[in-house]
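Shown next, in structure tokens, is the structure this report addresses.
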Amino acid sequence: MSSPVSAPPVTPALPAPDPRRWWALVALVAANLVLGFDTTILNVALPSMSDQLGADSGQLQWIANSYLVLFAALMLPAGLLGDRFGRRRMLVCGLGVFLAGSLLGTVAPTAGLVIAARALMGAGAALIMPLALSVLPSLFAPQERTRALGAISAVSALGLPLGPLIGGWLLEHFWWGSVFFVNVPLVLVAIAACVLLLPETRDLASPRIDALSTALTVTGLGALIFALNEGPARGWTGPPIVGAFLASAVLLAALVRRGHGQARPLLDVSLLREPAFLWSTVAATLISLVLAGLMFVLPQYLQDVLGYDALHAGLGMLPLMAGMVIASKATGAITARLGARAVITGGLLALSAAAFLGATTRPGSGYGLTALWLAVAGLGIGAAVVPAMGTALGSLPGERAGSGSGLLTTVRQFGGAVGVALLGSLLAGTYTARLGAAHLDAVGLPAAEAAAAADSVGAAHAVAARLGSERLAATADSAFLHGQSLVLLVSATAALAVALLVAARLPSSAAAPDRAPAPTPTRRNAEQ
């Protein structure tokens, strides 16, 4: 009698990927694109708001800054809210808050209401950005996750240079409120897609919201952002700025100390003990710092020195966007072959080389040199940011996706704030010192006109046009380019230093960042 033949073991089939996942990604990409260009779109609309709303300089400053303050200060609590109450639910809530702020800004009749609208948009953005990243593991398998993350990271970066371009076009054809209304259709599509296409995930072990920790986070980070943004205008040694820095240090120290006794603190600095997360976050933050600084300097150079209008200044940034798009599309395959460490290092080195090249710009260099170094910078940014973000998030356990992405995006947002504050202050201080009393006396300016010219290169050109002084315009251009060169040299040196640190400290195992475990089930599924 023949012996029975044993049946081969049956391997359980993996669940088929949701065919709707790429449509869901389109919605997340659209939402993050809006967040990107809303950071810079108002730069070209502020003069119109000043004329039509009667806003003074202080109000204009807060119209621009209230978005950034709320955005950065609320991101850490937002990640925890998503972990506890459901990432899809809180993402939809964030989109709803952002939509409400956009609608209010569209019809706001006063500067105060515009500031409130921007604050609402910042609060909504704080929920959207980290939670859009944290839902990716529930949609995509590890082999697809890098592509999805690359798409979101690329459009977030692309939104910054798109802002002046979109804003300039809208202001040529519509009223100033159109820079808010443009968000409405994109956000509505994103809300519908999230409701219909995204699965719900949450962390069942997430702690309850700690009201005191949340208050310490919001006030501590808010004070720091206030000091960074107001420092250039009010003076870094002024009592309000020194007081804000001290208050921030005390509040954040109290937050960290409070977290030592908690299993899941709101500011989870223990995440930084993971070398892959730490050094990838450093790289991503440096990119945000340099990109934000470039976005502050470039519009002034293109508009005030080269004489472009707002729309053409936006068009002048297209090489930067083209470089980021090209690099982000190629990064996935290159990272799979060479590893994240090599690609991040190479991208940072390219960014450093571009900034060094840009620092050679002189009066009469023209746009050709600018287009060249912007394209190289875009390639470096696009190559580095995607594997940096992927490695950082891939190094975290799946149940910490919300708090980890919240910490990552918070630090990146602070990088942008530091870039604008410090590099902007360096540019302004260098310009004013270079265009000093001796230079202005040489062109024979009255005291009042000299003071106006020393404020900014745009003001100097206005005075030069009024007086018919080509010498003053040339002197102002030279002073501005000297300051721009210093900004680019600092950026290049910082990028080079971080490239060397990443090459030396980022673990080689970070070559495959998609090792995050399967998404945490919803409470409903867990109970079944």
Exercise. Around Tyr308, counting heavy atoms of other residues, nucleotides and ligands shown, do more than 12 lie under 6.0 Å from its OH?
Worked result: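 Above 12, so yes.
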Nearest heavy atoms of [X] and [Y], plus distance in Å:
X: Thr345; Y: Ala499; result: CG2-O, 3.7 Å
X: Gly347; Y: Ala383; result: CA-CB, 4.1 Å
X: Thr285; Y: Gly415; result: CG2-CA, 3.8 Å

Look up atom [atom1] in [X] and atom [atom2] in [Y], then write down how far apart they are to the nearest 0.5 Å.
X: Ile326; Y: Met324; atom1: CD1; atom2: CE; result: 11.0 Å
X: Leu127; Y: Phe71; atom1: CG; atom2: CZ; result: 10.0 Å
X: Ser328; Y: Leu379; atom1: OG; atom2: CG; result: 10.0 Å
X: Ile381; Y: Met321; atom1: CD1; atom2: CE; result: 12.0 Å
X: Leu506; Y: Phe277; atom1: CG; atom2: CZ; result: 12.5 Å
X: Gln484; Y: Thr430; atom1: CD; atom2: OG1; result: 11.5 Å

Exercise. Between Ser248 (side chain) and Gly220 (backbone), is there a donor-acceptor pair under 3.5 Å?
Worked result: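 Such a contact is found between Ser248 side chain and Gly220 backbone.
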For this session: Measure the acute angle between the ring planes of Phe98 and Tyr67, then classify it against the limits of 30° and 60° as parallel, tilted or perpendicular.
Result: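 Perpendicular, since the angle between the ring planes exceeds 60°.
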